[in-house]
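Scroll down for the structure; my scribbles are underneath it.
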Amino acid sequence: MPISSEICGFPLLTFDTLPSTNTYIKEHADELADRTVVIADLQSDGKGRIGNRWLATRDMLPVSVLLKHPCCAQNLTVICAVAVCRSIERLCGIKAGIKWTNDIICDEHKVCGILCESSLKCSSNGAYYNNVICGIGLNVNQGSDFFEASGLENAASLYTLTGKKTDKMLAAECIISELDKLINTDFSVVISEYSNRCVTLGKMVRLIRNNSEQTAFAKAIAPDGCLICEDENGTFTVSSGLVKVRGINGEYV
């Protein structure tokens with residue numbers, strides 16, 4: 001059974017174990033209030049973008065937020081990324097950057113992934129509106145042995161980076177607080193900060209779609225959050241979709 005309370009003024013449901021905080025919200029969205037936050041101490045079947053799996057551990061923070069028909073739906077991945085970066089810096093004093101489009105990077109290691117999912121819902125008068133679930137998975141207190149045993153050489157936690165344990169609920173409060181502020185901030189300000197934090201920019205990258213690859217220079221972030229690239233044929237824009245971005249020599253960032 002969930003424990004009900006609130007966090008930063010948002011309704012909060014906490015669970016000992018869930019398969020996925022995003023999935024729980026999707027299954028119960030009709031009965032949950034707008035801006036409900038769901039946290040599990042252990043998430044056993046989490047996933048990332050393009051179907052990537054998250055390995056389960058109680059030292060990780062899985063937190064999801066339900067936003068009912070938000071006006072900023074298409075911008076929420078960018079907003080969440082900036083919110084997490086700000087939270088990490090508040091909590092730990094270490095610099096946080098963003099690997100386009102939704103991974104948070106500290107000291108060249110991934111510490112957090114973001115998955116925003118939307119679904120159309122029908123209201124009582126027949127109109128359709130969009131629910132968005134913002135899912136955030138932050139590596140908080142895992143030790144280096146966890147990443148080594150899991151073959152995650154590109155990943156780290158706040159603990160491995162600082163040598164200090166972080167309270168997971170405090171981390172959740174920071175993230176929700178920053179998210180609340182940024183949702184109400186002019187998006188041009190948010191996208192500017194996202195661009196300044198984006199570690200992908202200024203590098204030659206490989207754009208991987210299904211079984212095809214394209215090499216290009218990551219030039220800038222578009223006003224809508226897309227990646228502006230350039231190759232021998234000129235400038236083009238890449239939307240997140242099913243595209244993976246890697247360094248030309250296989251580097252994660």
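In this chain, numbering begins with 1 at the start of the sequence shown.
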Task: N210, CG atom: more than 12 neighbouring heavy atoms under 6.0 Å - done: no

Task: Nearest atoms (heavy-atom pairs only) where K110 meets N139 - done: O-ND2, 3.8 Å

Open item on the list: Atom NZ of residue position K165 - does it have more than 12 heavy atoms of other residues, nucleotides or ligands inside 6.0 Å?
Closed with: yes

- [ ] Output the distance between atom CG (L32) and atom CG (N131), rounded to the nearest 0.5 Å.
- [x] 9.5 Å

Task: Separation between CD of E213 and CD1 of I208, rounded to the nearest 0.5 Å - done: 4.5 Å

Task: Cluster companions of Y159 among Ile, Leu, Val, Met, Phe, Trp, Tyr (side-chain spacing under 4.5 Å) - done: none

Task: Atom pair CG/OG of L12 and S4 - distance to nearest 0.5 Å - done: 8.0 Å

Open item on the list: Please report the interatomic distance CE(M60) to CG(D41), rounded to the nearest 0.5 Å.
Closed with: 11.5 Å

TODO: Give the minimum heavy-atom separation between T17 and R58, together with the two atoms involved.
DONE: OG1-NH2, 3.7 Å

Task: Minimum-distance pair of heavy atoms, taken over all atoms of V132 and C116 - done: CG1-CB, 4.5 Å

Open item on the list: Testing the 3.5 Å rule here: is there a donor-acceptor pair between the side chains of N22 and S64?
Closed with: yes

TODO: Please name all residues satisfying ring pair (Phe, Tyr, Trp, His ring centres under 6.0 Å) with F187, sequence neighbours left out, ordered by chain then number.
DONE: none

Open item on the list: Within the structure provided, determine whether V63 and T21 are in side-chain contact (heavy-atom separation under 4.5 Å).
Closed with: no

TODO: Provide the closest heavy-atom pair for C106 versus I88 in the form atom of the first, atom of the second, distance.
DONE: SG-CG2, 4.0 Å

TODO: With rounding to the nearest 0.5 Å, note down the distance linking NZ in K68 to CD1 in I133.
DONE: 10.5 Å

TODO: Return each pair, listed once, that meets salt bridge (Lys or Arg N to Asp or Glu O under 4.0 Å) where at least one residue sits in residues 180-200; pairs must be two or more places apart or across chains.
DONE: R35-D180, R86-E193, E89-R197, E178-K181, E193-R197

Task: Spacing of CG belonging to L67 relative to CG belonging to D34, to within rounding of 0.5 Å - done: 6.0 Å

